[in-house]
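In each ligand, atom 1 is the first atom listed, and ligand 1 is the first ligand listed. Keep in mind that the numbers below use all heavy atoms, side chains included, and drop hydrogens, waters and symmetry copies.
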Amino acid sequence: MTKKQKKTLYRIIAAAVLLVAAVLTKDKLPIPELVVFLVPYFTIGWDILWKALRNIKNGQVFDENFLMALATVGALAIGEYPEAVFVMLFYQVGELFQAVAVGKSRQSIAALMDIRPDSANVERNGTVETVDPDEVAVGETIVIRPGERVPIDAVVLEGTSTLNTAALTGESLPRDVGPGDDVVSGCVNLSGLLRARTTKEFGDSTVAKILDLVENSSSKKAKTEQFITRFAKYYTPAVVIGAVLLALLPPLITGEGWTRWFRQALIFLVISCPCALVISVPLTFFGGIGGASKAGILVKGSNYLEALARTEVVVFDKTGTLTQGVFNVTAIHPQECPQAQLIELAALAESYSNHPIARSLRDAYDKEVDESRVTHVVELAGRGMKADVDGRTVYVGNDKLMEEVGVDWHPCHQVGTTVHVATQGNYLGHIVISDQVKPDAGEAISALKAAGVKKTVMLTGDAKEVGAAVGEQLGLDEVHAQLLPADKVARVEELLEKKSPKGTLAFVGDGINDAPVLSRSDVGVAMGALGSDAAIEAADVVLMDDKPSKLAQAIRIARRTLRIANQNIVFALGVKGIFLAMGVLGVANMWEATFADVGVSVIAILNATRALKEG
Ligand code: ADP
Ligand code: MG
């Protein structure tokens, strides 16, 4: 509990004791009964009264504080002193309970997201200084000691170690790193001392982006949540008008005394307090997002949880999404030059690309890539690269690219992804590379089908045979190959048209070449945010550990969150409805009304905290 919550608790205890004392002594004291009860009443209720007054002054009259102030002042006016204190007391118990529950969810999200590094050790002028991560520039050398968090995205210069990536991925499997490997901020260095060169500023580093994302996730609200906000806005004034009518009409019509119906109206007010809904529904979504991030699934807003829950079609990108995106060279077929030169040209031309093919070709080249030999680099999405190597223009890419360049190329007899190399007017040969499907890709598809997803589709820019082979191996419903990024958008649009109006389409990609499709689909899911930052920005949901099987888990979490939110709405409105009817008919008294109100809130909040569990 926070200090403020503890203080409320003490006030509740003090007021309860004073209330009991007042009930016991009211006849024996020489002061009026009202004054005796006002002591516990103000002890517990002064802040509510104050807030209600302040709101009236600001022109925002109708909220829970107003309902409570009106009901209790009314009760005091008709001589129901203990009831007035009791209503306030119980209202405060409910409020305290809410505050603790909300704080708990916040805390557990904060703990999940407790990845902000406090400082960075940077080497400057031969000494190591400890500075704020914000103050480190790109290209500086940082030292990461065992037990410390990687403060900024960097590449290892020296040392080997294992990293704990759990905070980012939800996976407890440690990752080994050595010289040349990228380390991502937010991971914890477990064993060895690392020297690393920063590749980004802190503000652009993974950790800052993730924190940003989580902090902003509450601004994108689910329809259910929006409904509740709007509901509360009309509901409270409606209830007050209802209470006024209830106090005035029956006595006017029947000629009965005023007190009885005035009391009924007060009971009606107490019962009608909408706190159970107003708090528990957003809390449920908050918990769902928290539970998902615990599992390494970042959801950018509760509206995406809602969309995920209704997933009908899932479209996958191939390279890096269903396959590992780590290619082995299976053949090198040069046309005119030695094998080594073909690989060298390819690796050099690819030296600035992030594409998995580019990374694999650089790895296949056993020497250090000398970037100074490469100029005028152009990445041709879905086709390949164009770059000047030693002043000569080199093209590296697929058949589409070769057609565009207009060289005399030919396909390879070997199955695999063929990367052709050409200069202006000269075909130099090709390199055949092959990729492997991810170990959990098959499971990912079957889990989606089990979860009721109607159609799974793969879109790829790769060759037909390669796409078909992967599609068959994984049991996908449809495979479309040889697509440029724009073709992928067109295909997704077709699929969007064909699906049922209630269902949604999710696109899962690795964030390379697929930002347009990510944003065009109902839910854009990016893989492997550990590598690419384009992904975090373009996507609505990020699977931190590259595992396609996490999508089915995300859908399960989304569905459970929605189910809990709906349970709370039906339960709270149902109980309120019954008690409001009882209040109108005069069968519920003030005590029962208070119990109904606080009880519903407590149960709804407890139910909401279930959403925080990992699914
Ligand atoms: P996918 O749809 O499988 O993710 P992309 O759209 O990224 O694939 O690329 C489609 C095809 O374009 C690749 O299979 C490859 O033939 C070619 N390509 C794209 N980028 C590059 C690159 N940097 N180097 C060589 N070929 C590339
Ligand atoms: Mg791709």
Side-chain angles (χ1 to χ4, degrees), residues 315-327 329 342-343 345-365 369 374 377-387 389 394-405 409 411-412 415-422 428-438 441 457-471 474 476 478-492 507-518 525-528 531-532 534-535 546 548:
V315 182
F316 289 96
D317 179 46
K318 180 182 74 76
T319 314
T321 304
L322 288 174
T323 67
Q324 289 177 330
V326 180
F327 294 82
V329 173
L342 193 69
I343 284 278
L345 271 182
L348 283 169
E350 297 275 15
S351 53
Y352 290 99
S353 170
N354 257 332
H355 198 279
I357 292 182
R359 268 186 267 144
S360 307
L361 286 175
R362 289 199 298 267
D363 287 344
Y365 175 57
V369 175
V374 189
V377 182
V378 186
E379 179 135 27
L380 307 156
R383 288 163 295 168
M385 297 293 292
K386 172 189 175 189
V389 177
V394 178
Y395 296 89
V396 180
N398 55 16
D399 10 347
K400 280 205 176 90
L401 182 65
M402 293 300 114
E403 283 300 321
E404 278 170 40
V405 180
W409 68 282
C412 189
V415 176
T417 304
T418 312
V419 181
H420 301 279
V421 183
L428 299 183
H430 51 247
I431 302 165
V432 184
I433 55 180
S434 70
D435 195 1
Q436 273 179 335
V437 301
K438 288 186 183 167
V457 183
M458 185 175 84
L459 302 181
T460 178
D462 209 341
K464 271 218 172 70
E465 304 78 48
V466 181
V470 173
L474 299 180
L476 287 151
E478 279 181 32
V479 173
H480 303 280
Q482 289 183 306
L483 303 173
L484 292 177
D487 304 332
K488 291 188 185 175
V489 175
R491 288 285 175 179
V492 163
F507 177 84
V508 192
D510 60 355
I512 292 177
N513 281 353
D514 43 25
V517 224
L518 277 175
V525 185
M527 290 271 178
S532 71
D546 277 12

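- Evaluated by nearest non-hydrogen atom to atom 26 (N) of ligand 1, the leading choice among Gly384, Pro485, Ala349 is Gly384.
- Contact record, Thr321 with Lys438: O-NZ, 3.1 Å, taken as the closest heavy-atom pair.
- With ligand atoms numbered from 1 in the order given, ligand 1 contributes 1 (P), 2 (O), 3 (O) to contacts under 4.0 Å with heavy atoms of Thr460.
- Considering backbone and side-chain N/O atoms, Gly461 comes within less than 3.5 Å of an N/O atom of ligand 1.
- Considering Asp462, Ile433, Asn398, Leu401 only, the shortest heavy-atom separation from atom 14 (O) of ligand 1 involves Asp462.
- Residue Asp317 has at least one heavy-atom neighbour below 4.0 Å for each of these atoms of ligand 1: 1 (P), 2 (O), 4 (O).
- Atoms of ligand 1 lying under 4.0 Å from any heavy atom of Ser353, numbered from 1 in the order shown and given with element: 23 (N).
- Checking only distances, Glu350 does come within under 3.5 Å of ligand 1, N or O to N or O.
- Across Ser353 and Glu379, no two heavy atoms sit closer than the pair OG-OE2, 3.0 Å.
- Among the atoms of Leu380, none of the N or O lies under 3.5 angstrom from an N or O of ligand 1.
- Nearest approach of Met402 to Ala422, heavy atoms of both residues: SD-CB, 3.8 Å.
- Residue-ligand proximity, Met385 to ligand 1, at heavy-atom distances under 4.0 Å covers atoms 23 (N).
- Listed by chain and number, the residues in a side chain to side chain donor-acceptor pair (under 3.5 Å) with Gln436 amount to none (sequence neighbours excluded).
- Of the inter-residue distances, the one linking Asp487 atom CG with Thr460 atom OG1 reads 11.5 Å to the nearest 0.5 angstrom.
- The N/O atoms of Thr418, backbone and side chain alike, include none that comes under 3.5 Å of an N/O atom in ligand 1.
- Closest approach of Gly416 to Val432, counting heavy atoms only: CA-CG1, 4.0 Å.
- Annotation for Val374 and Ala387: closest pair CG1-CB, 4.0 Å, computed over non-hydrogen atoms.
- The two atoms that bring His420 and Asp399 nearest to each other are CD2-N, 3.8 Å, heavy atoms only.
- Heavy-atom distances between Lys488 and ligand 1 reach below 4.0 Å in at least one pair.
- For a threshold of 3.5 Å applied to N or O pairs, the pair formed by Thr417 and ligand 1 contains no separation below that value.
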